[in-house]
2 protein chains.
Amino acid sequence: MEKNLIYKKIMHELQNQILDGEYQETMKLPDERTLSQTFGVSRSSIKRALKLLADKGAVFQKRGSGTFINPIFVKNDSVFHYKNGSNLGISDSFQMNGQSPQIKLLSFNVERCPKELATDLFIKDTDFVYAFKRLRSFDDQSFMIETGYIPIKILPQLEEKTLTESLFKYVEQVKKQGVTKSYLTIGVSPSTEEDRTELNLLSTEPVGTLSGIFFLDDGTPFEYSQMRLRYDYMNYHTFVSLED
Amino acid sequence: MEKNLIYKKIMHELQNQILDGEYQETMKLPDERTLSQTFGVSRSSIKRALKLLADKGAVFQKRGSGTFINPIFVKNDSVFHYKNGSNLGISDSFQMNGQSPQIKLLSFNVERCPKELATDLFIKDTDFVYAFKRLRSFDDQSFMIETGYIPIKILPQLEEKTLTESLFKYVEQVKKQGVTKSYLTIGVSPSTEEDRTELNLLSTEPVGTLSGIFFLDDGTPFEYSQMRLRYDYMNYHTFVSLED
DNA sequence: TTATAAAAAAGGTGCGTACCAATTTAAGAA
DNA sequence: TTCTTAAATTGGTACGCACCTTTTTTATAA
C-alpha cells in the first residue's frame, strides 16, 4: 500500500518526530539544507515534504527565519488529525470508540436524475440514478439522515444490502479508486418533522446539514449527498490557508 | 501588489481561460509539455500552476490521461469562488451586494487570558488579552455575534473604535502581514436567550457556530474567536482533498 | 473483425543548480 | 554600550534533466 515515495516518507517521519516532541525546545525544524543532508535526499524532496506539513497546518514556514512547529497541532493532535484519514467532509467516516455505526436503509429506488443534480453529477437528466435514504446510529442513538444519489452507470452492480455497509469501501473495491475529494456546503437548519422523529429531537433542537458531491480520484462525480446531523454530533474541523 | 510570480500568473491565466469557456469542447487542458511551450516557461512552473488549480478543485489531474476541468467549478463559479479571496472561514469577510456589514461593539475589556485559550494563543495565562463582543448586521438584520480574544502584546495600540471596522485590514496595516490561515471548528447549537434577543430568532431557530484561531502569515496565533450566526446566514463552502 | 502487443502520450517523482528575498546574526563604528 | 551596516542564514522561485507509471493509441497478428 505504501508507495515508498520519498517525500511522503519524509513527511511522515517528520510528523512523527514532531508529535514525539523531538523539537520541543526550539519548536523549530532544522533548516532545509541540513534536513537534506541528514536524510540524504535532495532539498527539493525536503521542500515537498515540508509543503505537505504546511498545508496541514503542522508547521509554518517563514523565509529567512526557518520552519516552525504549530504548537496547536502538537497539543491538540486528536482534533487536528481528525481530518487526516477520516474526515472527507464526513459521510462514511464516522467512528466512535473504534466502532462503526449501524446503518438502516430507509428507502432505495432507481429513478431519473433530478434536474438540479444532473449537471453536478455530470450526467443527463434522462439518466437513471440510485436514490436512497439511510439512517445512521450508534447503539440506540440515531444521529444522521443521509439522502444519496448515485448514477447507475457508475455502479451498475449496486445491491440493496451494500447500502447497509460502508459505501466508500465498496467503491474502492469495485472501481479500484479512492474517494478522496469532495465539495461540500455546510449549513444549519431547524429540525423538520422527519428529523425530530428519526433523530429524536425536540422542536428547539436543530440539525447541521452537509450537502455536496463526492468525487472519485480521477474527478468523476460519484455521489450527491445530503446529510442531516443531530446538532450535538455536528463537529467539523478545518484548517484553511489562503494561497493566492 | 502582484508579485509577478510565474506560477501564480499562469494559474490565473489558466483559470480565466477555463472560466471563459476556452476549453469547453474537450473539458481538458493541453498537456503539460505543450503548455510549457506555449507559455514559454518550464514544465516545473506549469506543474506548479496546475497543482494550485487542482487544490482548488478547478481541475483533476490523471496520470497518463491528462488534466481535466471540473465542470462544477465552471458552472457554479460563484459558489466555488466564494472561498477564494474572501472566505477564511468567515469572520471579517462578509459582504452582501458589495456592501460591508455594520458592526456594533457590545463590550470591550482587557483581562487575563482565559486558561483554556492561553496555550492556543501561545501565551501565558497571566498575560492580558483584549476581550470583546461584536454584533454584525446588514441594514436592520443582525446575523452574527462574535466574541474575540486578542493578546495585547500583538496589538498594543488597539483602540475601541478600530473594533467597529475591519479588524483584519487593521492588522494588515499595522503588522504588515496578512491573516491567511485559520483553524476552525464548525458546529450547530440551539439558540440561547442572548442569540434570540440579538439575532431576532424564535426558540425553534438555531445558530451555526464557528470557533477557532486565526494566524498571521508567520504562524503567530493572532485571535481566538467564537462566532454565532443566524442559521439562515450560515453557509460554508469547502473543497476537501485528502492527500495522504 | 477482434484480440494482443508494442509504441506513444501524459502526468509523477527525484535530483540538481543558480539565484532571489527576507530575516537574523555578527562586525564595526559612534 | 548602542546604533548602523555588512555578512551569513534560511526559505522561495525558476529552470532543466532523467526516468518511472499509467493510460491511450496504434500497429500487428489471429
Side-chain angles (χ1 to χ4, degrees), chain A residues 1-14 23 26-55 58-70 175-178 180 216-220 241 243-244, chain B residues 1-12 14 23 26-55 58-69 175-178 180 216-220 241 243-244:
Chain A
M1 197 84 276
E2 293 288 317
K3 273 187 202 152
N4 240 47
L5 298 184
I6 288 187
Y7 70 97
K8 286 195 180 176
K9 239 172 42 194
I10 290 187
M11 189 273 273
H12 280 120
E13 207 146 332
L14 286 174
Y23 305 105
T26 55
M27 290 305 269
K28 192 176 164 181
L29 294 184
D31 69 281
E32 296 182 347
R33 288 156 178 95
T34 302
L35 285 173
S36 166
Q37 274 214 335
T38 58
F39 279 101
V41 302
S42 72
R43 190 180 159 208
S44 321
S45 299
I46 295 292
K47 287 190 86 67
R48 209 158 165 186
L50 291 178
K51 179 71 159 47
L52 287 184
L53 290 174
D55 286 346
V59 303
F60 296 94
Q61 299 188 274
K62 184 152 201 224
R63 177 189 316 208
S65 183
T67 301
F68 298 87
I69 297 171
N70 181 354
K175 307 290 290 187
K176 260 91 180 237
Q177 281 189 72
T180 58
L216 298 178
D217 288 345
D218 67 359
T220 312
S241 179
E243 301 286 330
D244 134 322
Chain B
M1 196 86 276
E2 293 289 317
K3 274 187 201 151
N4 241 48
L5 298 183
I6 289 188
Y7 71 98
K8 287 195 179 176
K9 237 172 44 192
I10 291 189
M11 189 274 273
H12 280 121
L14 286 174
Y23 304 107
T26 56
M27 288 306 266
K28 193 176 165 181
L29 294 184
D31 69 281
E32 296 182 346
R33 288 156 177 96
T34 302
L35 285 173
S36 166
Q37 275 215 335
T38 58
F39 279 101
V41 302
S42 72
R43 190 180 159 209
S44 320
S45 299
I46 295 292
K47 287 190 86 67
R48 208 159 165 187
L50 292 178
K51 179 71 160 43
L52 286 184
L53 291 174
D55 286 345
V59 303
F60 296 93
Q61 296 187 277
K62 184 151 202 222
R63 178 190 316 209
S65 182
T67 301
F68 298 88
I69 296 171
K175 307 289 289 187
K176 260 94 180 232
Q177 281 188 72
T180 58
L216 298 178
D217 287 345
D218 68 359
T220 311
S241 180
E243 300 286 330
D244 136 321

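By convention in this document, chain letters (A, B, ...) are assigned in the order of the sequence lines, proteins followed by strands, and residues within each chain are numbered from 1.
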How many whole angstroms separate atom [atom1] of [X] from atom [atom2] of [N]?
X	N	atom1	atom2	result
A:Asp55	D:dG12	CG	C1'	15 Å
A:Ile46	C:dC15	CD1	C1'	12 Å
A:Gln177	D:dT22	CD	C1'	12 Å
B:Asp218	D:dT10	CG	C1'	15 Å
B:Lys9	D:dG12	NZ	P	21 Å
A:Arg48	D:dT13	CZ	P	15 Å
A:Ile6	D:dC20	CD1	C1'	13 Å
A:Asn4	D:dT21	CG	P	12 Å

TODO: Using a 4.5 Å cut-off on heavy atoms from C-beta on, say whether the side chain of A:Leu14 contacts that of A:Tyr23.
DONE: yes
Hey, does the side chain of A:Ser45 come within less than 4.0 Å of C:dT13's phosphate (OP1/OP2), counting only N and O? no
field: Under 4.0 angstrom between B:Tyr7 side-chain N/O and D:dT13 OP1 or OP2
entry: yes
Exercise for the section: Evaluate whether atom CD of B:Gln37 has more than 12 neighbouring non-hydrogen atoms of other residues, nucleotides or ligands under 6.0 angstrom away. Expected result: no
>> Counting distance alone, no hydrogens or angles: does the base of D:dG16 have a donor or acceptor under 3.5 Å from a partner atom on the side chain of B:Ser44?
In response: yes
A correct 5'-to-3' footprint of nucleotides 4-11 of chain C, with B, S and - meaning base, sugar-phosphate only and no protein heavy atom under 4.0 Å, is ------BB
side-chain contact (heavy atoms from CB on, under 4.5 Å) test vs A:Met11 passes for just one of A:Ile46, A:Ile6, A:Leu53, namely A:Leu53
Donor-acceptor under 3.5 Å (B:Gln177 side chain, B:Asp218 main chain) = yes
- prompt: With distance as the sole test, does A:Lys28 use its side chain to make a donor-acceptor pair with the main-chain N or O of A:Ser65 at under 3.5 Å?
  reply: yes
Taken to the nearest 0.5 Å, the spacing of A:Ile69 CD1 from A:Met27 CE works out to 5.5 Å
NZ of A:Lys62 to OG1 of B:Thr220, rounded to nearest 0.5 Å, is 7.0 Å
